Amino acid sequence: MHLNIYPFHNFVTVFTRSMASKTQVGFVGLGNMGNPMAKNLLKHGYPVIATDVFPETCKEMQELGAQVIVDNPAEVAEKADRIITMLPSSPNVIDVYTGPNGILKKVKKGSLLIDSSTIDPSVSKEMATAAENLGAVFMDAPVSGGVGAASSGKLTFMVGGAEEEFTAAKELLSCMGANVVYCGQVGTGQSVIEQEYFLTNTNNLTIGMIGTSETMNLGIRLGLDPKLLAKILNMSSGRCWSSDTYNPVPGVMEGVPSGNNYQGGFGTQLMAKDLGLAQNTATNTRTPVPLGSLAHQIYRMMCARGYANKDFSSVFQFLREEEGQ
């Protein structure tokens, strides 16, 4: 009687990994999102070995108890068999995984690699194939939610990859998010997040932010007090998230980036990148998105004018400067 033991071997590998709670977890990318995500892993008792291109971010994590390595993902892969990456763009992901000091240079067989960057689904599939060739498992798990959600551990993860690996991935992702949703094979997490970004970032966030900024700027030019204008706006049908929760005008609200020279929050460069991904999807599906296209153009212009590292609500300041103020 012939027995196929390969599926059983896979089951044992998956089961062992899912039960390996509190073993060391690698984390690559300690930016505005990655930093609080790694901190939440530490809060849940996971020993973290982290790396980033900026030494100062590594130092902060070290002070919190993480083992840190400056700009060497390969060394992280040598020491940990569960690794999470959170990076700005597709080229960054390709470099971190396949570059000279990339994860795949030292990855161990059976390692679980989870990428939470928002990137092109084709890049996720490419990385998954490269990892599989080395005996590792790659899953894409992009997030919905900004820096606030990352800090509070309330992100939503859209996960793509082998379904039998989802439990092991969810164990880690649940430390950083309130919702972890399995979407299908590798790349489907990115596909879902692209649609989510199109619906929320393009419509509700960027277009809403631009509209609120235009409205506030017009009212201020007409001589209205910004705080009074915001109050009236928020009592009318024009009320929206950009006006009542994340107002772009300095001095109108406390605790938002506009009150801190547009520092913190969600960077203009990242917003432009996400809008670009949404535009690619719209182009590929021949879907007309004129307002989304205009928003993408405006945020690209902002990046070229020195706003790349400012919060995306700095579009108000950009519009003011455009009129020569």
Side-chain angles (χ1 to χ4, degrees), residues 29 31-34 85-99 113-131 138-147 149-150 155-161 181-211 265-305 307-315 318:
N32 288 341
M33 294 292 289
T85 53
M86 186 59 161
L87 304 160
S89 65
S90 294
N92 296 117
V93 170
I94 293 171
D95 182 61
V96 161
Y97 277 90
T98 65
L113 312 175
I114 304 172
D115 180 44
S116 289
S117 317
T118 300
I119 58 173
D120 190 315
S122 65
V123 174
S124 294
K125 293 175 183 177
E126 181 184 338
M127 296 303 102
T129 299
F138 178 97
M139 304 185 82
D140 64 305
V143 302
S144 174
V147 175
L155 292 168
T156 293
F157 290 88
M158 271 67 84
V159 184
V181 183
Y182 180 69
C183 300
Q185 294 304 303
V186 171
T188 56
Q190 297 293 348
S191 296
V192 170
I193 206 71
E194 278 190 17
Q195 298 308 311
E196 193 271 342
Y197 266 119
F198 175 71
L199 293 172
T200 59
N201 285 10
T202 302
N203 288 351
N204 297 343
L205 295 187
T206 53
I207 294 173
M209 183 60 73
I210 292 168
F266 196 79
T268 294
Q269 185 173 26
L270 290 175
M271 185 63 80
K273 183 262 294 186
D274 290 339
L275 285 167
L277 291 173
Q279 290 301 300
N280 290 340
T281 299
T283 299
N284 292 337
T285 58
R286 298 183 180 181
T287 304
V289 288
L291 292 181
S293 296
L294 183 57
H296 185 213
Q297 181 180 350
I298 289 172
Y299 278 94
R300 288 181 64 188
M301 289 172 59
M302 289 174 65
C303 289
R305 303 281 183 85
Y307 288 84
N309 295 321
K310 290 182 178 289
D311 179 71
F312 80 103
S313 63
S314 62
V315 66
F318 172 74

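In this text the structure is predicted, and so the values were computed from the model without any measurement. One is the number of the first residue; the rest follow in order along the sequence.
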For this session: Please tell me if the side chains of Arg300 and Leu275 come closer than 4.5 Å, counting only heavy atoms from C-beta onward.
Result: no
Problem set entry | Separation between CG of Asp95 and CG of Leu87, rounded to the nearest 0.5 Å | 9.0 Å
Problem set entry | Nearest-0.5 Å distance that lies between atom NZ in Lys273 and atom OG in Ser90 | 7.5 Å
Problem set entry | Met33 side chain reached by Leu155 side chain, heavy atoms, under 4.5 Å | yes
Exercise. Taking the side chain as C-beta and beyond, is there a heavy-atom pair between Met301 and Phe318 under 4.5 Å?
Worked result: yes
Exercise. Would you say the side chain of Thr85 lies within less than 4.5 Å of the side chain of Val93, judging by non-hydrogen atoms?
Worked result: no
Exercise. Is the backbone N or O of Ala295 less than 3.5 Å from a side-chain atom of Thr206, with the two atoms forming a donor-acceptor pair by type?
Worked result: no
For this session: For Phe157 and Ser116, work out which heavy atoms get closest and say how close.
Result: CE2-OG, 3.5 Å
Problem set entry | Phe266 and Asp311, any side-chain heavy atoms less than 4.5 Å apart | yes
Seminar exercise, completed: Here the gap from Met139 atom CE to Thr188 atom OG1, rounded to the nearest 0.5 Å, amounts to 8.5 Å
Seminar exercise, completed: Of all heavy-atom pairs linking Gly189 and Pro142, the shortest is O-CG, 3.4 Å
For this session: Measure from the side-chain N and O atoms of Asn284 to the backbone N and O of Asn280, and report whether any donor-acceptor pair falls under 3.5 Å.
Result: yes
Exercise. When you check the side-chain N and O atoms of Ser89 and Asn92, is any donor under 3.5 Å from an acceptor?
Worked result: yes
Seminar exercise, completed: Taken to the nearest 0.5 Å, the spacing of Ser191 OG from Asp120 CG works out to 9.0 Å
Problem set entry | Side-chain heavy atoms of Asp140 within contact of Lys125, under 4.5 Å | no
Problem set entry | Met302 backbone acceptor or donor facing Lys310 side chain under 3.5 Å | no
For this session: Check ring pair (Phe, Tyr, Trp, His ring centres under 6.0 Å) between Tyr97 and all other residues, then give those that pass, not counting sequence neighbours.
Result: Phe138
Exercise. Can Gln269 and Asn309 be said to form a side chain to side chain contact (heavy atoms under 4.5 Å, CB included), step by step?
Worked result: CA-CA 6 Å; Gln269 185 173 26; Asn309 295 321; 4.1 Å; yes
For this session: Can you measure from CD1 (Ile298) to CZ (Arg305) and round to the nearest 0.5 angstrom?
Result: 11.5 Å
Problem set entry | Smallest separation among heavy atoms of Gln190 and Pro121, with atom names | CB-CG, 3.7 Å
Problem set entry | Main-chain N/O of Pro88 paired with Ser117 side-chain donor or acceptor, under 3.5 Å | no
Seminar exercise, completed: Closest non-hydrogen atoms of Asn32 and Gly265, given as atom of the first, atom of the second and distance, are ND2-O, 4.1 Å
Exercise. Under a 4.5 Å cut-off applied to non-hydrogen side-chain atoms, are Asp274 and Leu277 in contact?
Worked result: yes
Exercise. What's the shortest heavy-atom distance between Tyr307 and Ser314, and which atoms?
Worked result: CD2-OG, 3.5 Å
Exercise. To the nearest 0.5 Å, what is the distance between CG (Leu270) and OH (Tyr299)?
Worked result: 12.5 Å
Exercise. So do Asp115 and Met127 actually touch side chain to side chain, heavy atoms under 4.5 Å?
Worked result: no
